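Before any comments, here is the structure.
Fair warning: this is a prediction, and the values are worked out from it, not measured in the lab. This chain uses plain numbering: 1 for the first residue, then up along the sequence. Excluded from the calculations below are hydrogen atoms, water molecules and symmetry mates; all remaining heavy atoms, backbone and side chain alike, are included.
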Amino acid sequence: KRQVISYVGYKTLELDLKNKTTLGVISLGEDTETLEEVVVVGYGVQKKVSSVGSIATAKGDDLLKIGSVNSVSEALQGQMPGVVAINSTSKPGADKASLLIRGKSTWGEAEPLVLVDGIERDFNDVDVNEIESISVLKDASATAVYGVKGANGVILLTTKRGLEQKPEISFTANFGFKQPSAAPEWSDYVTSMKQYNRAQANDGNWGAMVPESTITAWENAYATGNYGPYNDVFPEVDWWKELVKNVGYEQAYNLNVRGGTKKMSYFVSLGYLHDGDIFNTTKQEDFDPSFSYRRYNWRSNFDFNITSTTKLSFNVAGKMGYQNQPSYYENVDSPDERFFKTFFTAPSNEFPIKYSNGIWGDGLSSDQNIACLMNEGGSRNIKQHQGFYDVILNQKLDFITKGLSVEVKGAYNTSYSFLQQRHGSVESYTPYYQSELENPDLDIKDPAYNKTIVYRVDAVSYTHLTLP
């Protein structure tokens with residue numbers, strides 16, 4: 001047995017407790033190396049030993065060890081005390097986490113202020129390979145310099161810069177797998193009908209009960225195997241099994257170069273990310289309905305020592321993102337919420353995915369065939385570009401007071417997005433016995449009743465729409 005004892009600012013002590021009944025006096029040595037580390041604060045940098053504010057830090061190299069995360073906010077989950085990251089979706093391209101520092105203290109907006117190299121910017125699409133460090137300022141003494149904007153805390157992201165060294169080339173590659181953590185389980189149709197009849201009987205709704213002949217027919221279908229997702233008469237669709245794959249894939253690559261001389265230093269980085277899909281979708285002739293996200297990142301940080309006291313820096317960075325998904329429920333307030341609600345509530349035994357003649361099934365419930373909705377409903381593709389450009393001039397004023405300096409910074413941000421939508425719908429048919437349409441008053445047991453299955457068109461349309 002071993003006992004580990006640790007405390008902030010002191011070296012961790014590990015004790016071997018085997019065959020010991022007393023420990024005696026335990027003393028921890030000061031961790032001077034940790035206290036000498038530099039942390040980024042609101043007005044520059046300072047050593048941890050002299051910092052009185054509540055500040056948590058994380059190094060970029062530590063964030064790289066987390067694995068397959070697609071945004072910086074995701075990478076911060078569980079990495080810093082007092083920082084809460086809540087991720088409510090894993091949709092490719094929209095999976096950033098909501099951050100709270102020391103909980104939520106207001107009914108309004110509680111997101112912290114985020115600065116990237118001292119400029120207020122979104123940091124979620126910054127490549128993790130470009131990050132030198134992240135500091136989180138949590139209390140009033142640490143965030144005071146930012147005024148009311150820092151009321152919910154401040155996150156300072158510092159990107160890597162060049163060093164006085166020979167060129168150092170780094171290449172990283174990540175390949176990840178993702179899969180659902182759990183799958184729903186459903187009762188069979190016969191059990192559902194029997195339980196439904198029991199509930200109706202308890203309420204005395206005898207006329208609403210499912211006929212025993214229907215239950216018997218389904219029991220025979222189960223016994224003979226005459227049922228399934230493409231069966232015209234006895235459809236049974238497990239939407240989860242049909243539409244969700246066992247595993248999805250994601251991959252990320254980065255190539256960067258770092259180096260410099262006494263006069264000039266540089267850091268140049270290029271990155272690529274592809275986040276794949278766990279849904280079974282089929283690429284159509286005119287569009288691709290799959291969920292996916294592709295992102296290209298670039299960054300160039302240059303520092304020029306014009307004189308021994310004057311430094312001029314240029315930062316050029318940006319990203320190009322391509323987010324793709326099926327086009328569904330465009331006219332509702334929360335299309336994703338509506339989609340997943342339909343996904344879990346779509347009838348399993350009302351219609352097949354497709355009839356034997358290849359026509360999509362939709363039954364009596366409009367927009368309930370999720371397979372048709374995903375594959376034939378169209379696609380949405382969002383192209384987004386962001387560019388960040390900084391110029392920084394730093395002049396040391398040691399001749400006035402040692403350590404005094406003045407810095408002038410100019411920043412320019414550009415962004416644009418382009419939404420391309422392709423809407424489509426296909427002919428939807430409902431099956432009927434021929435006599436059901438031609439002679440609806442004829443009893444189904446009558447020998448003259450024609451049980452030939454015919455299909456009636458419900459709707460047909462197909463449109464393309466492109467929006468800037």
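Residues forming a side-chain hydrogen bond (donor to acceptor under 3.5 Å, both in side chains) with Asn297 (at least two apart in sequence, or on another chain): Arg295. Residues that satisfy the ring-ring contact (aromatic ring centres under 6.0 Å, His included) test with Tyr293, not counting sequence neighbours, are absent from this structure. Residues that satisfy the salt bridge (Lys or Arg N to Asp or Glu O under 4.0 Å) test with Lys91, not counting sequence neighbours, are Asp336. Partners of Phe123 by ring-ring contact (aromatic ring centres under 6.0 Å, His included), not counting sequence neighbours: none found. In this structure Ala411 satisfies the side chain to side chain contact (heavy atoms under 4.5 Å, CB included) test together with Ile119, Arg121, Asp390, sequence neighbours excluded. Partners of Gln251 according to the side chain to side chain contact (heavy atoms under 4.5 Å, CB included) rule, which considers only residues two or more places apart in sequence or in another chain, are Phe175, Tyr253, His274. Contacts of Tyr416 classified as ring-ring contact (aromatic ring centres under 6.0 Å, His included), with partners at least two apart in sequence or in another chain: His385. In this structure, Tyr266 has no ring-ring contact (aromatic ring centres under 6.0 Å, His included) partners at least two apart in sequence or on a different chain. For Asp277, the side chain to side chain contact (heavy atoms under 4.5 Å, CB included) test picks out Phe279, Thr281, Ser290, Phe291, with sequence neighbours left out. By the side chain to side chain contact (heavy atoms under 4.5 Å, CB included) test, Gln395 is found to be paired with Thr309, Thr310, Leu397, Val406, residues two or more places apart in sequence or in another chain being considered.
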Do Val4 and Thr12 pass the side chain to side chain contact (heavy atoms under 4.5 Å, CB included) test, and can you show the C-alpha distance, the side-chain angles, and the key distance before you say yes or no?
CA-CA 7 Å; Val4 177; Thr12 300; 3.5 Å; yes

Assess whether salt bridge (Lys or Arg N to Asp or Glu O under 4.0 Å) is satisfied between Lys59 and Glu132, documenting all intermediate values.
CA-CA 6 Å; Lys59 296 180 179 179; Glu132 182 71 38; over 6 Å; no

Kindly indicate, with the supporting measurements, whether the criterion side chain to side chain contact (heavy atoms under 4.5 Å, CB included) is fulfilled by Glu236 and Asn231.
CA-CA 8 Å; Glu236 180 157 290; Asn231 191 294; over 6 Å; no

Stepwise, does the side chain to side chain contact (heavy atoms under 4.5 Å, CB included) test hold for Tyr230 with Ile353?
CA-CA 6 Å; Tyr230 296 93; Ile353 296 177; 3.8 Å; yes

Might you work through the side chain to side chain contact (heavy atoms under 4.5 Å, CB included) test for Gln284 and Asn375, ending with a clear yes or no?
CA-CA 8 Å; Gln284 305 299 315; Asn375 288 286; 4.0 Å; yes

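Within the structure, salt bridge (Lys or Arg N to Asp or Glu O under 4.0 Å) pairs that include any residue of residues 170-181 comprise Lys178-Asp275 (at least two apart or interchain). Residue pairs meeting the salt bridge (Lys or Arg N to Asp or Glu O under 4.0 Å) criterion with at least one member in residues 150-169, sequence neighbours excluded, are Asp61-Lys160, Arg161-Asp303.
In the model, Asp238 has no side-chain atom that pairs as donor or acceptor with a side-chain atom of Ser348 under 3.5 Å.
Checking each of Asn129, Asn256, Asn254 against Ser269 for a side chain to side chain donor-acceptor pair (under 3.5 Å) leaves exactly one that passes, namely Asn254.
At least one side-chain heavy atom of Phe344 sits under 4.5 Å from a side-chain heavy atom of Trp240.
With Phe287 as the aromatic partner, Arg422 does not meet the cation-pi criteria of under 6.0 angstrom to the ring centre and within 45 degrees of the ring axis.
We find that Lys65 and Asp62 are joined by a salt bridge, their nearest charged nitrogen and carboxylate oxygen being less than 4.0 Å apart.
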